[in-house]
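Encoded as structure tokens, the structure appears first; notes follow it.
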Amino acid sequence: MSDHSDHDVIIIGAGFAGMYQLHRLRQLGYDTRVIEAGEDVGGTWYWNRYPGARCDIESIEYSYSFDPELEQDWNWSERYAAQPELLSYAQHVAHRYDLRKHITFNCRVEEMTWSDDARRWTVTTDDGTSRTAQYVIAATGCLSVPSRPQFEGLADFKGEVYWTSRWPHEGVDLSGKRLAVIGTGSSGLQTITAIAPVVDALTVFQRTPSYAVPAHNGPIGERLADAKTRYHEIREASRMTRTGFQCNSGMRSLTETEAEEVRREFDARWADGGLCFPSAFKDILRDMKANDAAAEYVRGRIRERVKDPELAEKLSPRTYPIASKRMCVDTGYFEVYNQDNVSLVDINEQPIRRITERGITAGDTPHEFDVIILATGFDAMTGALNAIDIRSGDDRSLREKWAHGPRTYLGLMSAGFPNLFMVTGPQSPSVLSNMMTSIEYHVDWITRALEYLREHGLSRMEPALDAEDNWVNTTNDLAALTVMPQAASWYMGANIPGKQRVFMPFAGGVGTYKLIGDGVAVAHYHGFELS
Ligand code: FAD
Ligand code: N01
């Protein structure tokens with residue numbers, strides 16, 4: 001079926017990226033349609049409604065910067081906003097800029113085919129409708145496709161099963177129940193911390209412990225009032241940092257700093273809380289000796305927080321470098337294990353054998369539960385794009401092209417797939433950064449490119465193959481200068497069976513990336529073929 005609707009631009013996804021992209025293009029008069037699988041805006045914050053979900057970048061910075069009036073009008077209540085507040089923010093933005101009338105909800109893009117003759121993409125959705133557009137912008141999210149590992153017997157379990165990434169909208173009453181949580185990444189940590197006080201018994205099944213820094217979350221207070229007096233300055237500075245938010249990146253090498261001074265620096269960052277911890281010294285991500293020292297500091301903190309030394313050791317990460325996976329920002333996670341109703345099963349010692357009608361058998365021990373929560377992560381960065389059958393004019397699919405790892409120029413486009421842009425695509429800073437900064441930069445860059453094409457009477461844009469090859473090599477080389485590829489992380493695709501292991505984000509930093517992206521645009525889109 002075809003509804004014969006033809007647009008200048010189709011945007012896929014109505015998370016923070018798709019919403020801002022729609023706003024920009026509407027302002028410039030483009031006929032734009034957004035297609036979103038969910039029934040409302042918000043993306044990540046629409047889907048991930050598990051107890052305790054909140055951001056790991058302070059709300060002052062994990063928010064849009066494009067409209068100073070929005071910055072002034074919106075009041076965050078906490079230093080790190082929780083999911084309901086983040087979702088309300090997304091809904092407020094949709095209402096304020098009247099976005100919803102351009103969004104088709106409950107609709108999933110399944111196929112896209114490029115016609116070079118027509119210079120158009122045909123976009124087909126799960127209701128059988130086809131639409132065409134000159135440009136497609138994939139704002140499909142880096143962490144929007146849940147990873148659902150196979151657990152033998154899960155279907156036999158007679159209790160309740162919930163995935164954190166698809167938490168029921170109506171909420172779940174967990175009080176007085178016996179719970180299992182599988183997964184101890186950010187989602188698992190936040191869930192465990194939030195539910196431990198209300199459940200009867202909680203058993204955590206841990207495969208790999210996480211490095212976590214305290215959030216020191218609380219009412220936002222004076223921080224917001226202060227930010228409102230100098231928001232412009234904060235945003236300008238953040239765009240040029242490595243991480244996309246204010247971090248005071250250390251200029252010293254840990255390995256050349258006195259032990260006492262190292263301790264003082266870590267203590268200060270620990271007291272402040274949040275993701276600036278690994279920016280304390282410039283060699284933490286580059287030198288294993290420096291990395292070990294930072295990791296040992298965090299393990300020391302775990303020993304202080306967990307009363308049982310044996311348990312503290314089990315909760316201490318040792319098998320991968322600190323910050324080689326996105327660090328967790330916690331609010332009393334480790335202290336939870338001092339409660340009598342919480343226990344830990346290290347599944348390296350007692351592997352999950354199967355899930356039964358009544359619970360989980362790990363090693364030889366059966367554990368009985370009323371509820372199982374799975375916090376097992378996402379098919380990150382490429383998952384949402386590869387879920388769509390994207391075909392070029394010669395019928396080559398993006399999935400095939402990326403079978404050995406994603407190939408892009410600037411994380412924005414992939415050769416052979418003209419007029420298809422990606423927001424925070426692989427080989428851009430994206431998941432290594434404050435994603436709001438990265439999203440806004442990409443949306444602005446794409447908008448500027450479309451304006452350039454329009455002003456110059458051009459209708460087709462595609463990366464040159466050599467520019468793409470160079471960019472892929474650059475991103476691989478940059479990653480190899482760090483310790484990050486040493487972890488079996490989702491950055492590497494290691495959490496998905498059969499996925500090619502390659503470090504997917506651009507590790508050169510947000511500020512450097514911006515300089516390169518701006519330079520490419522100023523040089524009339526150097527490395528792209530325009531016609
Ligand atoms: P998303 O919010 O993922 O939105 C993508 C949208 O596209 C989704 O609504 C999805 O339904 C839709 N979509 C995908 N494929 C299709 C399709 N084929 N057809 C139709 N629709 C489709 N980042 C930070 O910087 N700081 C944080 O504190 C932070 N916290 C996070 C917490 C959680 C629980 C998770 C999972 C991620 C977090 N992130 C954080 C990363 C977060 O994903 C980004 O910050 C940001 O919200 C991404 O916005 P987006 O619009 O790019 O993607
Ligand atoms: O997912 P994860 P997440 N058997 O992949 C385990 C963002 N985010 O949803 O490490 C047993 O990190 C897996 O074990 P292992 C943030 O960017 C931010 O928690 O593979 N266990 C791991 O412990 C984050 O990095 C916030 O050995 C299995 C866990 O499940 C990203 O999203 C909050 C398993 C998955 O952890 C992803 O975080 C939430 C199996 N078969 C998310 N398969 C904030 O705080 C997987 N695991 C802002």
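Just follow the structure's listing: the first ligand is 1, and inside any ligand the first atom is 1.
A distance-only check finds a donor-acceptor pair linking the side chain of E36 to the backbone of G38 [under 3.5 Å]. A donor-acceptor contact shorter than 3.5 Å is absent between the side chain of S210 and the backbone of A212.
Close approach to P149 involves these atoms of ligand 2, each under 4.0 Å from a residue heavy atom: 41 (N), 43 (N). Ligand 2 places these atoms under 4.0 Å from at least one heavy atom of R54: 44 (C), 45 (O), 48 (C). Here is the list of ligand 2 atoms found below 4.0 Å of a heavy atom in T184: 22 (C), 23 (O), 29 (C). Applying the 4.0 Å criterion to heavy atoms of F151 picks out, from ligand 2, the atoms 4 (N), 40 (C), 41 (N). If you number the atoms of ligand 2 from 1 as listed, the ones under 4.0 Å from a heavy atom of R326 come out as 16 (C), 17 (O), 25 (O). Which parts of ligand 2 touch C55 is read off a 4.0 Å heavy-atom cut-off, strictly below it: atoms 48 (C).
Between V172 and E160 the shortest side-chain heavy-atom distance falls below 4.5 Å.
In terms of protein heavy-atom proximity, atom 40 (C) of ligand 2 is nearest to R207 NH1, 3.4 Å. With hydrogens left out, the protein atom closest to atom 45 (O) of ligand 2 is Q190 NE2, 2.9 Å, a heavy atom. Distance from atom 19 (O) of ligand 2 to its nearest protein heavy atom, with residue and atom name: S187 N, 2.8 Å. Of the protein's heavy atoms, S186 CB, 3.9 Å lies nearest to atom 8 (N) of ligand 2. In this structure, atom 27 (O) of ligand 2 lies nearest to the protein heavy atom T208 OG1, 2.4 Å. In terms of protein heavy atoms, atom 1 (O) of ligand 2 is closest to G377 CA, 3.1 Å. For atom 7 (C) of ligand 2, the closest heavy atom belonging to the protein is L143 CD1, 3.8 Å. Looking from atom 5 (O) of ligand 2 to the surrounding protein, the closest heavy atom is W490 CD1, 3.5 Å.
Taking the six-membered ring for Trp and thresholds of 30 and 60 degrees, W74 and Y89 have ring planes more than 60 degrees apart, a perpendicular arrangement. Note: F421 and Y135 have tilted aromatic rings, judged against thresholds of 30 and 60 degrees for the angle between ring planes. Ring geometry for Y20 against Y64 counts as tilted: the plane angle lies between 30° and 60°, on a 0 to 90° scale. A perpendicular orientation is assigned to the rings of F205 and F369, their planes being inclined by more than 60° (bins at 30° and 60°). Using a 30° and 60° split on the angle between ring planes, Y62 and W45 fall in the perpendicular class, above 60°.
Using a 4.0 Å cut-off between heavy atoms, I347 contacts ligand 2 through its side chain alone, with no backbone atom that close. At a 4.0 Å heavy-atom cut-off, ligand 2 does not touch W163 at all. Proximity of D56 to ligand 2, defined as any heavy-atom pair under 4.0 Å, is shared by backbone and side chain alike. Within the 4.0 Å heavy-atom criterion, neither part of S210 lies near ligand 2.
Scanning for ring-ring contact (aromatic ring centres under 6.0 Å, His included) contacts around F151 gives an empty result, with sequence neighbours left out. Residues satisfying the side-chain contact (heavy atoms from CB on, under 4.5 Å) criterion with D389, sequence neighbours excluded, are E111, R391, S397, R399. Evaluation of the ring-ring contact (aromatic ring centres under 6.0 Å, His included) rule for F277 yields F266, W270, Y297 as partners, not counting sequence neighbours.
No side-chain donor from either of T447 and D444 sits under 3.5 Å from a side-chain acceptor of the other. Side-chain N/O atoms of Q246 and S238 include a donor and acceptor closer than 3.5 Å. With no hydrogens or angles considered, a side-chain donor-acceptor pair links T124 and S130 at under 3.5 Å. At a cut-off of 3.5 Å, with distance as the only test, no side-chain donor of R79 or H216 sits close to an acceptor on the other residue.
Heavy atoms of Y50 come nearer than 4.0 angstrom to ligand 2 in at least one pair. Within the 4.0 Å heavy-atom shell around ligand 2 one does not find Q150. In this structure, I182 is part of the shell of residues with a heavy atom less than 4.0 angstrom from ligand 2. At least one heavy atom of K325 sits less than 4.0 Å from an atom of ligand 2.
Within 4.0 Å of ligand 1, contacts by protein heavy atoms are made from I12, G13, G15, F16, A17, I35, E36, A37, G43, T44, W45, W47, N48, Y50, C55, D56, I57, Y62, C107, R108, V109, A139, T140, G141, L143, S144, R326, F378, I388, S433, N434, M435, I439.
Geometrically, ligand 2 and G183 share no nitrogen or oxygen pair separated by less than 3.5 Å.
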